[in-house]
**Student:** 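Before we start, here is the structure in question, set down as structure tokens.
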Amino acid sequence: MDRQILTKLNALRRARQAAILATDLSGGPDRLIIEGDAVESPLADAVASVFRSGKSSAVEIGGQSLFLNVHLPPPHIVIIGAVHISQVLAQMAGLAGFDIRIIDPRTAFATPERFDGVDLIADWPVDVLKERPLDAYTALVAVTHDPKIDDFPIAEALKVGCFYVGALGSRKTHASRLERLKHEGLTDADLARIHAPIGLPIGASSPAEIAVAILAEIIAALRGRDVSSPKGDKR
Amino acid sequence: MTNIPESLDPLVIAEEWSSAGRTVALATVVDTWGSAPRPTGSHLVIDGEGNFHGSVSGGCVEGAVITEALDVIESGKARMLEFGVADETAWRVGLSCGGRIRVYVERLN
């Protein structure tokens, strides 16, 4: 492998960009393919399939033996709302291998005492997401109940194609949320991707049980992604 | 989607070692059959002195891979290694779990 290619690959991985390193197993030069790059056929099909499945594999193309090693960004969970559910969800999600970030402009909620060791930002999502944008490998969990705080990140998550978008709230609250988001120019198909009420229907009642229901739904969305579409989970 | 800390990430370590002037080989699992312990794409990074990081088999065949990697560093010629169940292969080492893996070993140039 070429050192420069390795350096570039590591930079892409740090920047959370999906990439495939194609190694020519007969000793030819390596090739780095970034998600979205134009790739010639018949390699294009194999590349697309490996990006979608996330499974690296050896392929024979035009008599050439290639190993396609895929590097997908590790999944993030961004939680809007430093509430009781978030305290438990942050711990559980960490155990399950997710990176967690919590955003809440309400400084009474977003205190380090309540969120020891968690990446917590006491600021408005509209400002935070400018600095640290959402991406396709992020799950967004909106649990403040407050449209002023939740609506913007939900709309952003749908626009960038977060693999999971969940929002807390009764069916009535959610219906009025959909009305507001429609005015933001989101389509019915976009809005249908919101998981609301949030979490798998397991009859959860305590904050910890609700956190389990949410985390399970995020994992189901991640592992059951509609891989034929670059954008989003299937429902 | 792996989520390992940078300090334990074989590709990050390979870059660091190489920048520090150490000779480096990279071993990659390119095929697995049966109950292989590590998935395709897993890496082991080895330097010219036999120091290593990462895993291609969870410990079963690392020793043999490291020996081969030292030759690859020396010659600069990449090699494909195959490991099956212990005793059934030409190798003294093998995978006790009953799987089979193919490991590509190359020098970082």
Side-chain angles (χ1 to χ4, degrees), chain A residues 1-14 16 18-30 32 50-60 65-77 93-100 136-139 163 219 222-223 225, chain B residues 1-33 36 38-48 53-56 69 72-73 75-82 100-109:
Chain A
M1 191 201 287
D2 189 80
R3 265 178 63 175
Q4 284 175 338
I5 287 195
L6 176 62
T7 306
K8 197 166 170 205
L9 173 63
N10 281 338
L12 288 167
R13 294 166 70 218
R14 288 190 188 99
R16 291 179 58 76
I20 288 175
L21 177 68
T23 303
D24 182 342
L25 295 178
S26 56
D30 302 318
L32 197 52
V50 166
F51 267 128
R52 285 198 301 259
S53 70
K55 290 208 169 85
S56 302
S57 77
V59 293
E60 291 283 333
S65 197
L66 295 175
F67 180 63
L68 303 180
N69 203 355
V70 62
H71 298 270
L72 298 181
H76 270 170
I77 299 178
L95 290 175
F98 292 91
D99 283 339
I100 298 289
Y137 298 94
T138 303
F163 75 85
I219 293 168
L222 177 68
R223 300 300 172 198
R225 266 178 309 161
Chain B
M1 287 183 218
T2 53
N3 196 4
I4 45 177
E6 282 227 339
S7 58
L8 298 176
D9 184 318
L11 292 184
V12 171
I13 288 165
E15 189 185 339
E16 282 171 7
W17 284 2
S18 174
S19 308
R22 291 155 79 167
T23 51
V24 174
L26 194 64
T28 308
V29 178
V30 296
D31 262 320
T32 65
W33 296 266
R38 297 279 296 143
T40 54
S42 300
H43 290 298
L44 181 70
V45 53
I46 306 103
D47 78 357
H53 250 289
S55 166
V56 289
V72 168
I73 287 174
S75 70
K77 234 173 122 34
R79 268 180 213 184
M80 187 70 79
L81 312 176
E82 196 165 331
R100 199 149 61 87
I101 59 174
R102 235 165 30 116
V103 178
Y104 186 68
V105 186
E106 61 187 319
R107 188 170 76 180
L108 193 61
N109 292 310

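Per chain, numbering begins at 1; letters A, B, ... match sequence-line order.
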**Student:** Test M1(A) against every option in N109(B), T28(B), L26(B) by the side chain to side chain contact (heavy atoms under 4.5 Å, CB included) rule and name the one that passes.
**Tutor:** L26(B)
**Student:** For residues L9(A) and E15(B), determine if any side-chain heavy atom of one lies less than 4.5 Å from a side-chain heavy atom of the other.
**Tutor:** no
**Student:** Taking S56(A)'s backbone N and O only, do any of them form a donor-acceptor pair with T40(B)'s side chain (distance below 3.5 Å, no angle check)?
**Tutor:** yes
**Student:** Over all heavy atoms of both residues, which pair between Y104(B) and D24(A) is shortest? Give the atoms and the distance, please.
**Tutor:** OH-O, 3.6 Å
**Student:** For a side chain to side chain contact (heavy atoms under 4.5 Å, CB included) check, start with the C-alpha distance between V24(B) and R3(A), then their side-chain angles and the critical distance, and finish with the verdict.
**Tutor:** CA-CA 10 Å; V24(B) 174; R3(A) 265 178 63 175; over 6 Å; no
**Student:** Looking at A78(B), A25(B), G41(B), S19(B), which one has more heavy-atom pairs under 4.5 Å with chain A than the rest?
**Tutor:** G41(B)
**Student:** If you count heavy-atom pairs under 4.5 Å between each of V29(B), V30(B), T32(B) and chain A, which one has the most?
**Tutor:** V30(B)
**Student:** Starting at NE2 of H43(B), measure out to CG of N69(A) and round the result to the nearest 0.5 Å.
**Tutor:** 4.5 Å
**Student:** If you round to the nearest 0.5 Å, how far is CG of L11(B) from CG of L21(A)?
**Tutor:** 8.5 Å
